[in-house]
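Values below: every heavy atom of this structure, side chains too, minus hydrogens, waters and symmetry copies. Protein chains get the first letters and strands the later ones, always in sequence-line order, with residue 1 at the start of each.
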Amino acid sequence: MEHKFDIIIVGAGGGGLFAALEAVRTNPQVSIAVVSKLYPTRSHTSAAQGGVNAALANKDRDDTVELHVFDTVKGSDYLADQDAVDYLCSQAPEVVRELENLGAPFSRFPDGTIAQRPFGGTVKDRCCYCADKTGHTLLHTLFEQCLRRGVKFFNEYFLLSLEHADGECQGIVAMNMRTSAIEAFSAKIVILATGGHAKMYWNRSSNAAGNTGDGQAAALRAGIPLKDMEFIQFHPTGLRKSGLLVTEGARGEGGYLLNRHGERFMARYAPQKMELGPRDLVARSMETEILEGNALTSDAGSYLELDLRHLGAEAIKKKLPQIRELSMHFEGIDPIEEPIPVRPTAHYSMGGIDANMARTAVSGIYAVGECACVSVHGANRLGGNSLLDILVFGKRAGQEAALEAPRRPLRRVAPSALWKAADELKSYTSHERYERYGIIREEMGKTMADKVGIYRTEERLRQGVEEIRALRERFRHIRLFDTGTVYNTNLVQILELKNMLDLALCVAETALVRQESRGSHYREDFPRRDDEAWHRHSLCTLEKGGDVRLAHKPVTMGKYSLETRSY
Amino acid sequence: MERKEVAFRIYRYNPQVDRQPFYDNFKIAVERGITILRALNYIKEHLEPRLTFRAFCQAGICGSCAVRINGVSKLACTTQVWDELTGSGDDPILVEPLNNLPVIRDLVVDIDPVMEKLKQNYSWVRPAIAEGEMGQKEHCVSDGEFEAINAATDCILCGSCYSECSMTEVNPRYISPPVLLKAFRMNNDTRDTLGCERLGQVSGDNGLWDCAHCYKCAEHCVKHIPIVDGIHRLREEMFERHMTRSEGARHAQAFFDDIRSTGRLREATLPLRTLGVVKTLRMVPLAAKMGMKGRTPPFVVKPVPGIDRVRGIYRRLEANRAAKQGGE
């Protein structure tokens with residue numbers, strides 16, 4: 001079966017939906033479809049709690065776009081491309097107001113303007129929010145507006161491959177999850193907005209089960225380079241048992257981090273910013289506390305405490321209702337009465353598809369949001385900048401695609417692409433195969449957490465690379481036991497695992513090669529940032545045999561030159 | 001840590017191989033503090049890989065994993081196994097797909113009907129700001145202004161209320177609670193300009209006036225949203241906007257008038273006042289049948305004793321409303 005559209009958007013989170021909305025608004029003549037493995041409102045954008053940064057200056061009247069740029073560049077440990085950061089921050093006030101105009105119920109100050117709160121790693125209070133359900137409300141607002149504009153959705157379609165002919169986009173091949181039918185979507189332009197890949201840390205991750213980097217893996221296999229894959233953000237405050245996230249907003253509102261002795265230990269690591277240091281620094285400080293035996297212990301592992309009690313019941317109920325609910329559901333404690341048990345958890349992938357202002361190496365293929373590396377987050381993302389990233393670059397990609405589409409011919413997906421996909425899916429049911437999904441996935445998560453985690457060394461990373469290679473080898477023997485074609489979740493799980501394994505190898509290999517510490521990438525054996533050798537982006541591509549080939553790319557600098565990063 | 005053998009009885013149906021649905025039983029050792037979703041994952045990973053369900057965020061915010069647990073629609077990821085143990089703790093926990101939606105396989109249902117209804121009923125804000133001026137400035141919204149819709153914006157479209165709705169059960173074309181909730185949320189958003197059109201749309205056939213106030217949607221909302229309050233508010237808005245010509249509105253008006261004049265319902269003339277002459281004539285055979293069984297409602301209804309006190313309530317309510325409008 002073949003579908004034909006001018007623009008295909010893969011992924012229906014905030015980035016994909018804003019791209020679709022903007023494309024329709026820019027040029028109502030172009031035909032657009034959103035292809036997603038989830039119903040749109042299920043996307044992981046919904047999980048973003050804290051907020052979105054924009055220099056509206058509603059709180060701190062002297063806040064400016066320049067300061068937002070500076071905070072972002074410094075937060076990135078100077079690895080972000082400054083032209084992209086300039087664009088991100090300069091567009092921020094407009095996109096936030098636009099979402100407000102379209103119905104997002106942003107919390108307010110008494111004077112009626114959008115409220116802003118402090119967030120980690122910033123000099124001004126510029127994080128706009130809707131209580132602690134910011135992502136959820138933005139996602140619903142965008143979905144509602146897409147319904148209003150009649151955007152066509154193909155829900156529960158799984159991306160199998162990205163197709164191009166000599167660097168010109170042809171479209172995608174996807175599987176209808178309800179029927180397992182393999183369908184071609186020929187398109188002049190494809191916008192990838194498939195979300196992140198931090199689920200490769202499996203239960204040491206705050207991510208949803210499906211954050212498996214499907215777009216990144218498809219791009220990698222289509223010859224599009226991935227950038228800065230070694231940078232995985234660990235969020236300081238995951239719940240002890242589940243890894244689920246407690247928003248940075250909880251610290252923004254004044255929460256304390258305490259160790260076993262009841263000490264606010266951040267005083268020793270970031271005396272000025274305390275709990276509101278940047279995420280990489282706070283996560284590492286917590287890990288150090290755990291390693292040095294200052295943590296509390298339990299059956300579910302060591303943990304530290306996030307204490308909100310001094311904020312009072314009313315503030316907790318009004319400003320952090322979801323956090324209270326999560327704590328009660330998943331830890332059985334009420335933060336009004338007790339501190340929340342937390343520890344760092346893999347949270348966000350700064351790396352992704354190498355994109356220059358959303359354009360990839362293949363003409364007609366765009367990438368936005370967490371699946372892309374533009375790069376605005378560099379080596380460490382600031383809280384409140386990820387929602388901003390998907391809004392700004394989703395919008396831009398939609399706009400450019402709608403203008404570009406009429407000028408491009410439709411190149412159709414070759415029938416051989418469908419046969420190839422069909423052969424692959426069929427091969428998984430072969431009786432000669434014996435490896436099990438759950439076992440490989442479990443080992444992958446453990447390897448990533450233990451060997452490619454917060455603290456990295458040459459030795460552990462080498463082991464990590466070897467183990468992931470071995471798991472990829474074992475994956476070649478993975479067996480699909482469910483041979484049915486109706487809503488086959490086993491098949492989807494196997495395809496997701498394949499994607500995670502390819503990307504895990506990229507993460508481990510680039511982490512091994514980068515012999516310095518920068519942002520979220522911390523090498524115990526190279527604890528300093530080494531600008532001379534490593535102030536550059538890493539690129540990886542896949543070779544025919546399945547090995548990762550590494551290359552480098554310079555960082556685009558701008559107003560801000562390299563400085564030591566301290567908080 | 002407390003551990004226990006827990007039995008699960010799970011609805012299974014794969015249209016490719018099963019002639020009809022059946023129930024599968026699994027017994028697993030579960031630790032206290034484990035959610036139903038984690039139990040399902042365990043069963044899928046270790047006992048029956050073909051067991052099919054949706055799950056995504058595992059944190060109660062995406063709405064994917066709504067199923068019926070012991071007959072009640074809720075999220076598998078936020079429901080504790082321990083809270084679902086019944087009897088002496090040995091009864092199996094029943095897990096079934098949501099009601100009122102077609103089953104695709106096992107616990108997975110087709111939620112396209114919900115999406116379709118959202119699309120038909122203007123489930124979006126149409127802002128007053130012109131397209132070209134988007135993003136230029138924010139609406140000025142006072143702190144309390146979103147208070148009314150705050151709870152409604154918590155809706156994650158998980159489908160639990162849709163599954164519990166007794167009206168949807170008998171009439172699949174009924175607009176359904178989540179769609180009415182969205183309408184309420186939009187109509188009470190001070191930035192929206194579609195109020196009248198939306199209200200007209202949602203109050204048509206199979207719409208707003210068909211809700212039977214069973215309160216099951218609100219009772220089982222996973223986000224504790226007072227959905228029925230929203231539905232009531234929409235109905236009040238119909239009257240405020242003088243959109244009183246529909247059968248539903250006339251029916252409500254007739255109740256209102258009857259209670260004021262006699263303190264009880266004048267059922268005999270109710271169809272005439274609600275449906276009009278033509279449709280009432282169609283009810284003659286029913287009336288005749290009721291007459292034969294001695295079930296004809298009285299034509300003359302005398303006021304109840306103490307009718308003055310009933311009217312007093314009306315007077316007070318009207319005075320309240322006048323004062324409120326004066327205040328605005």
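Interatomic distance, Phe56(B) CZ to His44(A) NE2, rounded to the nearest 0.5 Å: 6.5 Å. Remark: Tyr39(A) OH to Met115(B) CE distance equals 6.5 Å, nearest 0.5 Å. With rounding to the nearest 0.5 angstrom, the CG atom of Leu157(B) is 7.0 Å from the CZ atom of Phe143(A). Atom CG of residue Asp110(B) and atom CG of residue Asn155(A) lie 10.0 Å apart, to the nearest 0.5 angstrom. In this structure, NE2 in His329(A) is found 4.5 Å from OG1 in Thr78(B), a value given to the nearest 0.5 Å. Between atom SG of residue Cys57(B) and atom CG of residue Asn211(A) there is a gap of 10.0 Å, rounded to the nearest 0.5 Å.
Side chain to side chain, Thr485(A) and Gln16(B) meet the donor-acceptor criterion of an N or O pair below 3.5 Å. With 3.5 Å as the limit, one finds a donor-acceptor pair spanning the side chains of Lys133(A) and Asn150(B). Side-chain atoms of Asn101(A) and Gln136(B) include no donor-acceptor pair closer than 3.5 Å.
Residue-environment remark: CZ (Arg233(B)) exceeds the threshold of 12 foreign heavy atoms within 6.0 Å. Residue-environment remark: CZ (Arg25(A)) exceeds the threshold of 12 foreign heavy atoms within 6.0 Å. Surrounding CZ of Arg191(B) are more than 12 heavy atoms belonging to other residues, nucleotides or ligands, all under 6.0 Å away.
No side-chain heavy atom of Met177(A) sits under 4.5 Å from any side-chain heavy atom of Val108(B). Put simply, the side chain of Glu45(B) reaches to within 4.5 Å of the side chain of Tyr437(A), judged on heavy atoms. Contact check for Pro15(B) versus Val486(A): side-chain heavy atoms found under the 4.5 Å cut-off. With contacts defined as side-chain heavy-atom distances shorter than 4.5 Å, the pair Thr41(A)/Cys62(B) does not qualify. For the pair Arg54(B) and Tyr487(A), the minimum side-chain heavy-atom distance is below 4.5 Å. Proximity of Pro49(B) to Asn490(A): side-chain heavy atoms (C-beta onward) are separated by under 4.5 Å at one or more points. Phe330(A) is listed as a side-chain neighbour of Thr35(B), based on a closest heavy-atom distance under 4.5 Å. Here the side chains of Arg108(A) and Phe146(B) are in contact, with some heavy-atom distance below 4.5 Å.
Only the side chain of Leu56(A) comes within contact range of chain B, with heavy atoms under 4.5 Å apart. Contacts between Leu38(A) and chain B at a heavy-atom distance below 4.5 Å involve the side chain alone, from C-beta outward. Neither the backbone nor the side chain of Ile34(B) comes within contact range of chain A; no heavy atom of the residue lies under 4.5 Å from a heavy atom of that chain. Contacts of Thr137(A) with chain B are made by side-chain atoms alone, with heavy-atom separations under 4.5 Å and no backbone atom involved. Proximity to chain B is limited to the backbone of Ala104(A), based on heavy atoms less than 4.5 angstrom apart. For Lys318(A), the part lying near chain B is the side chain, with the backbone staying farther off; criterion is any non-hydrogen pair under 4.5 Å.
Interface summary for chain B: among Pro105(A), Gly210(A), Gly438(A), the most heavy-atom pairs under 4.5 angstrom belong to Pro105(A). Comparing Gly103(A), Pro40(A), Ala209(A) by how many heavy-atom pairs each has under 4.5 Å with chain B, the most go to Gly103(A). Contact tally against chain B (heavy-atom pairs below 4.5 Å) for Arg97(A), Arg42(A), Gln49(A): the top residue is Arg42(A). In terms of heavy-atom pairs under 4.5 angstrom with chain B, the leader among Met328(A), Gln322(A), Glu144(A) is Glu144(A). Of the residues considered (Asn14(B), Ile104(B), Ile111(B), Asp192(B)), Ile111(B) shows the highest number of contacts with chain A, using heavy-atom pairs under 4.5 Å. Between chain A and the residues Val17(B), Asp189(B), Asp112(B), the most heavy-atom pairs under 4.5 angstrom are made by Asp112(B). Most heavy-atom pairs under 4.5 Å with chain B: of the set Glu98(A), His140(A), Glu94(A), Arg148(A), this distinction falls to Arg148(A).
Proximity of a side-chain donor or acceptor of Glu138(B) to a complementary backbone N or O of Ile114(A) within less than 3.5 Å is detected. Checking side-chain atoms of His139(B) against main-chain N and O of Thr113(A) turns up no donor-acceptor pair under 3.5 Å.
Under 4.0 Å is where a charged nitrogen must lie from a carboxylate oxygen, and between Lys223(B) and Glu325(A) at least one such pair does. A salt bridge links Arg105(B) with Asp482(A): the distance from a Lys NZ or Arg NE/NH1/NH2 to an Asp or Glu carboxylate oxygen falls below 4.0 Å.
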> For Lys137(B) and Glu100(A), what are the C-alpha separation, side-chain angles and deciding distance, and is it a salt bridge (Lys or Arg N to Asp or Glu O under 4.0 Å)?
Replying inline: CA-CA 9 Å; Lys137(B) 59 174 194 279; Glu100(A) 191 280 336; over 6 Å; no
> Should Val125(B) and Leu102(A) be marked as a side chain to side chain contact (heavy atoms under 4.5 Å, CB included) after you check the CA-CA gap, both sets of side-chain angles, and the distance that decides it?
Replying inline: CA-CA 6 Å; Val125(B) 164; Leu102(A) 291 170; over 6 Å; no
